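Here the structure is laid out as C-alpha cells; the discussion comes afterwards.
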Amino acid sequence: MKYNFSAIESKWQKKWEDAKVFEAKDDFTMPKFYGLIEFPYPSGAGMHVGHIKAYSGLEVISRKRRMEGYNVLFPIGFDAFGLPTENYAIKTGLHPRIVTNKNIEKFTSQLKRVGFSFDWTRTIDTTDENYYKWTQWIFLKMFENGLAFRDTALVNYCPTCKVVLSNEDSQGGRCDICKSEIIQKSKDVWYLRITKYADKLLEGLKEVDYLPNIKMQQINWIGKSTGAFVNFRLKGIDEQLRIYTTRPDTLFGVTFMVMAPEHPVLEKYKDRITNFADVENYKEECAKKTEFERTQLVKEKTGVKIEGITAVNPITEKEIPIYISDYVMMGYGTGAIMAVPAHDERDYEFAKKFGIDIVEVIKGGDISVAAYTESGEMVNSGFLNGLTDKKTSIEKMISYLEEKGIGEAGVQYKMKEWAFNRQRYWGEPIPIVHCPKCGMVPVPYSELPLRLPDVENFQPGEGGESPLAKIDSFVNCKCPKCNGDAKRETDTMPQWAGSSWYFLRYIDPRNDKEFASAEKLKYWMPVDWYNGGMEHVTRHMIYSRFWYKFLYDLGLVPTSEPYAKRTAQGLILGPDGDKMSKSKGNVVDPNDTVDKYGADVLRVYILFMGDYASAAPWSENSVKGCKRFLERVADLPSIVKGRGITEGMESHFHKTIKKVTTDIEELKFNTAIAQLMTLINKIEEKNSITKDELEIYLKLLSPFAPHLCEEIWEGLGHSDMLAVSSWPSYDEAKTVDSTVEIAVQVNGKVRGTVSLAKNADKDTAFEAIKSDAKIIPFINGKTVVKEIYVPGKIINIVVK
RNA sequence: GCGGGUGUGGCGAAAUUGGCAGACGCGCCAGACUUAGGAUCUGGUGUCCCCGACAUGAAGGUUCGAGUCCUUUCACCCGCACCA
C-alpha cells in the first residue's frame, strides 16, 4: 500500500525536534557514544547522494546506540572557509559571508529532510568568529611553542589559484582544487612543524582501531626510514658534504656522489667550479620542469659533472667525482647522496651513462648486466668482508662511522613540514604582527578573534599576494610589544585549519572562556567512531591528529589520540558506473529521491545498494525495490493478530535480531536489510503477525526507516517514541531451529537432504538416511569407505 | 617499481569463515486484475546436450568436501612513487 511519506516524514521530524530526543545530554553518569562524521563544505552545488551515504552509516549506529541506552553525541557543522566560495564571490561580487550563509541554509534544509538524528543545537561553522577565535588561539599556542614558523623555501605553488599549497594538497604534482600542474617557487611562507610529531603520529596508530588500509596509507605518508648520515670531505676544501643513506653497509662501493641541482654548496664554491655555466644551465632546465615531469621514472637520467670539486670516500680514502642530477631531490634527506652503482638501480643507470666505475660489494648478481639489490656476502669491503646478514653489516658500519666521527645513525621522514598559509581572503587571519623592531609578535589572546576585514575586492594579488595586503586599515597596526608602527600578517590559514579541531568544539560549542571545558572533554573524548572518505586519510586525519597530540602535550585534552575508530564509506557512482561529476551530468540529487519516494526509501536504498565500504552505481530501479519493501511494511498493521511470539516464528525473530544487531556493528547494512526483507517474506506467507512481533520488527527497521516506523509504532498505541525505546535482545539458543535440514552427500556430491534434530548423534543420522530412497541407489552394491557427519552441517558417505 | 585490494548470474550482491554456491533486491519471462500499465499481485528465472552434467578470472594442489586453504598465473581498481 502506498503511504503518505511526505506528511509522515515532516510530522516526525518536527516531533523529534520538539521532544529534543537527539540532543546529547551533559550527564556524565551515563555511558557515552561520540559518533562523528566529516562535516561538509557547504558548496553552492548543494548536497549529493554521496554526502547522504557518508552520514548514513553512523546515523544508523547512533540511533541504535540511543536505543541501547547510551548518551549519544552525533553532531553536525560546516567547514565553510575555502576557495570555491571565494572564487564564486569574485565572480558574482557577492560577499563570501553571504554566499556561505546561503549555502549553509541550503545544506541544513537538505539534511533535515533526510531525518538525520543530528544534535542541531551544537551546530558549528568554522567561519563564525566565535569559532575561528579558537582556531587562532591554538595557532598562537603553536607559535609560542615553536611549532609555527616562517621560512623561505621552495614551495608548491598553483599558478591558477595563485596560492602556496602544502605537500598534502599537491599530491601527484597537481593542485587539489583546480587540478592544474603546480610549480616550484621560492617563497617566504608559514609552516607548522608537523615532522616533530611524525614519530608520535606513527606510534599512535598502534593504539587505535582504523581500517588496515587507512593505517597503511598514513604509515606510507609519514614515510619513516632508518639509516645513517655520513659526511664526505671535499678534496682541498674545509667542507663536508653530508648525505643520508639507508645502506651504510655499501659504503665501500661508493664511486661517486650526486647532489640536487639546487644544493647550496654549488653557489658557495662557484669560484672553484670551472664549468659553473653548465651547472647553471642544467639548474635552469630543471626549474622549468614541473614536479610531475621531474618524477617520471621512465625518463633517461640526466646530469652534469662538477669540474673543480671532488669528494673523498671516507672509508676507502679514494677521490670520487661529484655530479648534479634531478633524480636527487632537495626536499628529501640532505639533498645529496652517495652513489653505489653496483647495488642501486638509479645509480647504476647513471654510472653506465656517465662511464663511472662500478664496484661490487655484495656477491650474488652480475654487475656487468644490472645492479644487484638483493642481499648476499660482503666483498671488497674491508672489515665487513664475509658478512651475509644485512642488518649486522649496517650496525657494524654505523658503529665504525660513529667511532671515527664521520657519520651517525639517523632517521628520515617523507612527510614534510605543513605549509600553513594561503594568499587568499576567505580564511582565518593569521594573528601575527610584523614589527620592524620586535620581529614577529603574536596578537594578544585578549584581542582574539582577529576579525576578517569587511571588503569588496577579494581578487588575489598577481605576485601571489593576499587580498588582505591591499587593505591599509587592516595591515597598519601597532606592535603589541613596543607599540610602534607595525604591519599585520596578511596571509590566511589554509582550508584544513578549521577542521583540525572541530570535533572538540562540538563538545562545548558555546563556551566563550575556552575551546571546550576540561570536564566535558574528559567525558566525551575520544571520538568513539569516526567515519569519512578515504580522500581525507593523508590530510585532514593526519593534520587533526597532529593538532590533537599538540594539545595533549599541553595537557588540554584528555587522551593521546582523538579517534578511537575510523572507517570509510565507498563512493556512489553515477547510473552509468562512472564517478559522479557535474561535467558528466550523472550527479544524483538526494532531493529528487526524497520528493519522489521519501527520505526513508532513500536511506534504505543507500544502505542496501551494496557493501558500505565499496563503490556502487546508483540504480533508480533498485530505489523502487526499496519503496516496495517499505510499502509492504506499511501494510503490516492490517494483519496484526494476537500477542506474544508465534510458535513457528520464534527462531526467525531471534535470528533476525541477532543478524541486524551484529551486522550494523560491522557496517554490513545491506545484509541487515536483506534479513528484514527475508523476515517480511515469511510473515506475508503466514499472513499474520502479532503485536509483539511487529514491535520487534519496527525497532530493528527504525534506524534505517525511522519515520515510517515511528508512524506505525504510534498507531499501535504507543505514546513514547520509538527513537527512545529499547533495542531488542535475542537468546542465542533460540536463534537455531531444533530440527535442521542437512545435506547428504555421496562422494562429496549432494544427493539429498534429511531433517534431523540439531544435535542428533552419528548413529541416528545414518539410521535416518539408510532408508532414504534418493540415497540408496548411490550406495547400494558399493563398499562404504568412510562416513562423515558434522552435526547441523553435513553428512558425507564415501563409497567405492 | 613498491604497498593494499578486488575478480561469483543479465545487474547490485550474499555465503554461519572448509560443509546444499547465488540469500536479499533489480531486471527478465509467464499469468492475474485492468479501458490502459513504466501500478499492483501470483509463479518462474546460473548454464547446458535438463532422470544428469557443468559452474565462483585461469591452471594446478591439499581435503571425504574448496568461492573460502596452498602454488603458479591473468585482468582490473586504489594509494605511494627517481625517498637515496
Side-chain angles (χ1 to χ4, degrees), chain A residues 1-2 171-173 211-221 223-225 227 243-247 250 257-258 260 294-299 301 325-329 331-340 344-347 349-350 373 412-415 534-535 537-538 570 573 577 604-605 608-611 613-626 628-629 631 655 658-659 662 668 670-681 684 735-736 741-753 777 785-790 792-799:
Chain A
M1 182 191 76
K2 284 201 174 62
Q171 297 182 29
L211 290 179
N213 54 334
I214 294 176
K215 277 195 191 182
M216 191 212 48
Q217 274 194 32
Q218 293 199 359
I219 291 168
N220 211 329
W221 185 256
K224 181 176 182 171
S225 90
I243 61 95
Y244 173 75
T245 178
T246 54
R247 296 298 304 275
T250 60
M257 299 184 79
V258 188
R294 207 174 144 170
T295 54
Q296 283 305 292
L297 252 166
V298 284
K299 69 151 203 252
K301 296 270 179 291
S325 173
D326 65 355
Y327 84 90
V328 174
M329 309 283 151
Y332 184 81
T334 62
I337 61 158
M338 64 177 215
V340 188
D344 180 284
E345 280 166 23
R346 295 154 302 167
D347 298 346
E349 199 189 319
F350 195 85
T373 55
Q412 275 298 304
Y413 300 94
K414 207 186 69 169
M415 186 165 73
M534 284 307 291
E535 70 276 19
V537 163
T538 51
L573 306 174
V604 168
Y605 171 64
F608 181 65
M609 58 196 296
D611 178 14
S614 312
W618 184 266
S619 154
E620 171 108 12
N621 274 327
S622 292
V623 176
K624 286 184 198 158
C626 293
R628 275 179 218 140
F629 167 56
E631 283 172 352
K655 252 184 240 172
K658 181 181 177 181
K659 183 139 184 71
T662 55
K668 288 158 83 174
N670 53 338
T671 50
I673 293 167
Q675 179 66 29
L676 288 164
M677 289 173 170
T678 308
L679 184 57
I680 204 172
N681 289 345
E684 286 181 343
T735 60
V736 205
E741 182 135 308
I742 67 172
V744 182
Q745 299 181 335
V746 178
N747 287 348
K749 294 221 152 84
V750 179
R751 299 301 181 188
T753 57
V785 182
K786 204 166 179 183
E787 290 179 336
I788 292 136
Y789 171 57
V790 184
K793 300 231 161 132
I794 206 143
I795 293 173
N796 192 8
I797 304 168
V798 186
V799 296

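When reading the values below, keep in mind they use all heavy atoms of this one structure, side chains included, and skip hydrogens, waters and symmetry mates. Everything quoted here is computed from the prediction, not taken from an experiment. All chains are named by letter (A, B, ...) in the order of the sequence lines, taking the proteins before the strands, and each is independently numbered beginning at 1.
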Would you kindly check whether a donor in the side chain of A:K414 faces an acceptor in the base of B:C80, or vice versa, at under 3.5 angstrom? no
Using the [atom1] atom on both, measure [N] against [M] and round to a whole Å.
{"N": "B:A39", "M": "B:A55", "atom1": "C1'", "result": "38 Å"}
{"N": "B:G9", "M": "B:C29", "atom1": "C1'", "result": "16 Å"}
{"N": "B:U71", "M": "B:C20", "atom1": "C1'", "result": "29 Å"}
{"N": "B:A58", "M": "B:G65", "atom1": "C1'", "result": "22 Å"}
{"N": "B:U34", "M": "B:G52", "atom1": "C1'", "result": "44 Å"}
{"N": "B:C80", "M": "B:A66", "atom1": "C1'", "result": "35 Å"}
{"N": "B:U45", "M": "B:C24", "atom1": "P", "result": "12 Å"}
{"N": "B:G57", "M": "B:G12", "atom1": "P", "result": "14 Å"}

Partner of [N] by Watson-Crick or G-U wobble geometry, both contacts under 3.5 Å, or none?
{"N": "B:A66", "answer": "none"}
{"N": "B:G37", "answer": "none"}
{"N": "B:G46", "answer": "B:C54"}
{"N": "B:C20", "answer": "none"}
{"N": "B:A75", "answer": "B:U6"}
{"N": "B:A84", "answer": "none"}

Between [options], which nucleotide has the shortest distance from any of its atoms to the side chain of [X]?
{"X": "A:N796", "options": "B:A84, B:G19, B:C20", "answer": "B:G19"}
{"X": "A:Q217", "options": "B:G79, B:G19, B:A53", "answer": "B:G79"}
{"X": "A:Y327", "options": "B:C82, B:G65, B:A81", "answer": "B:C82"}
{"X": "A:A616", "options": "B:A39, B:A84, B:G12", "answer": "B:G12"}
{"X": "A:K793", "options": "B:G4, B:A13, B:G19", "answer": "B:G19"}

Could you tell me whether [X] contacts a base, only the sugar-phosphate backbone, or nothing, with contacts defined as non-hydrogen atoms closer than 4.0 Å?
{"X": "A:K668", "value": "sugar-phosphate"}
{"X": "A:E741", "value": "base"}
{"X": "A:A615", "value": "sugar-phosphate"}
{"X": "A:D344", "value": "nothing"}

From [X] atom [atom1] to [Y] atom [atom2], the distance as rounded to the nearest 0.5 Å:
{"X": "A:K668", "Y": "A:T662", "atom1": "NZ", "atom2": "OG1", "result": "7.5 Å"}
{"X": "A:R247", "Y": "A:T373", "atom1": "CZ", "atom2": "OG1", "result": "8.5 Å"}
{"X": "A:M257", "Y": "A:S325", "atom1": "CE", "atom2": "OG", "result": "14.0 Å"}

Go along nucleotides 21-34 of chain B 5' to 3' and tag each nucleotide: B for a protein heavy atom under 4.0 Å from its base, S when only backbone or sugar atoms are that close, - otherwise. --BBSSS-------
Taking OP1 and OP2 of B:G1, is either one under 4.0 Å from a side-chain nitrogen or oxygen of A:R346? no
If the cut-off is 4.0 Å, is A:Y244 near the phosphate of B:A84, judged by side-chain N/O to OP1 or OP2? no
Measure from [atom1] on [X] to [atom2] on [N] and round the result to the nearest Å.
{"X": "A:E631", "N": "B:C41", "atom1": "CD", "atom2": "P", "answer": "8 Å"}
{"X": "A:K659", "N": "B:A14", "atom1": "NZ", "atom2": "P", "answer": "10 Å"}
{"X": "A:M609", "N": "B:A14", "atom1": "CE", "atom2": "P", "answer": "12 Å"}
{"X": "A:M338", "N": "B:C83", "atom1": "CE", "atom2": "C1'", "answer": "14 Å"}
{"X": "A:K215", "N": "B:G3", "atom1": "NZ", "atom2": "C1'", "answer": "16 Å"}
{"X": "A:E787", "N": "B:G65", "atom1": "CD", "atom2": "P", "answer": "16 Å"}
{"X": "A:Q412", "N": "B:C83", "atom1": "CD", "atom2": "C1'", "answer": "9 Å"}
{"X": "A:E345", "N": "B:C2", "atom1": "CD", "atom2": "C1'", "answer": "11 Å"}

Between A:G333 and A:T538, which residue's closest nucleotide on RNA chain B lies nearer the 5′ terminus? A:T538
Could you tell me whether the side chain of [Y] reaches within less than 4.5 Å of the side chain of [X], counting heavy atoms only?
{"X": "A:T245", "Y": "A:I337", "value": "no"}
{"X": "A:V623", "Y": "A:M609", "value": "no"}
{"X": "A:W618", "Y": "A:L573", "value": "no"}
{"X": "A:I742", "Y": "A:Y789", "value": "yes"}
{"X": "A:I795", "Y": "A:Q745", "value": "no"}

Using the glycosidic torsion, which applies to [N]: syn (within 90° of 0) or anti (everything else)?
{"N": "B:G12", "value": "anti"}
{"N": "B:C50", "value": "syn"}
{"N": "B:U40", "value": "anti"}

With a distance cut-off below 6.0 Å to the six-membered ring centre and an angular limit of 45° from the axis, does A:K301 pair with A:Y327 as a cation-pi contact? yes
Between A:Y244 and A:S225: side-chain donor-acceptor atoms closer than 3.5 Å: yes
Taking atom CD of A:E345 as the centre, report whether more than 12 heavy atoms of other residues, nucleotides or ligands fall under 6.0 Å from it. no
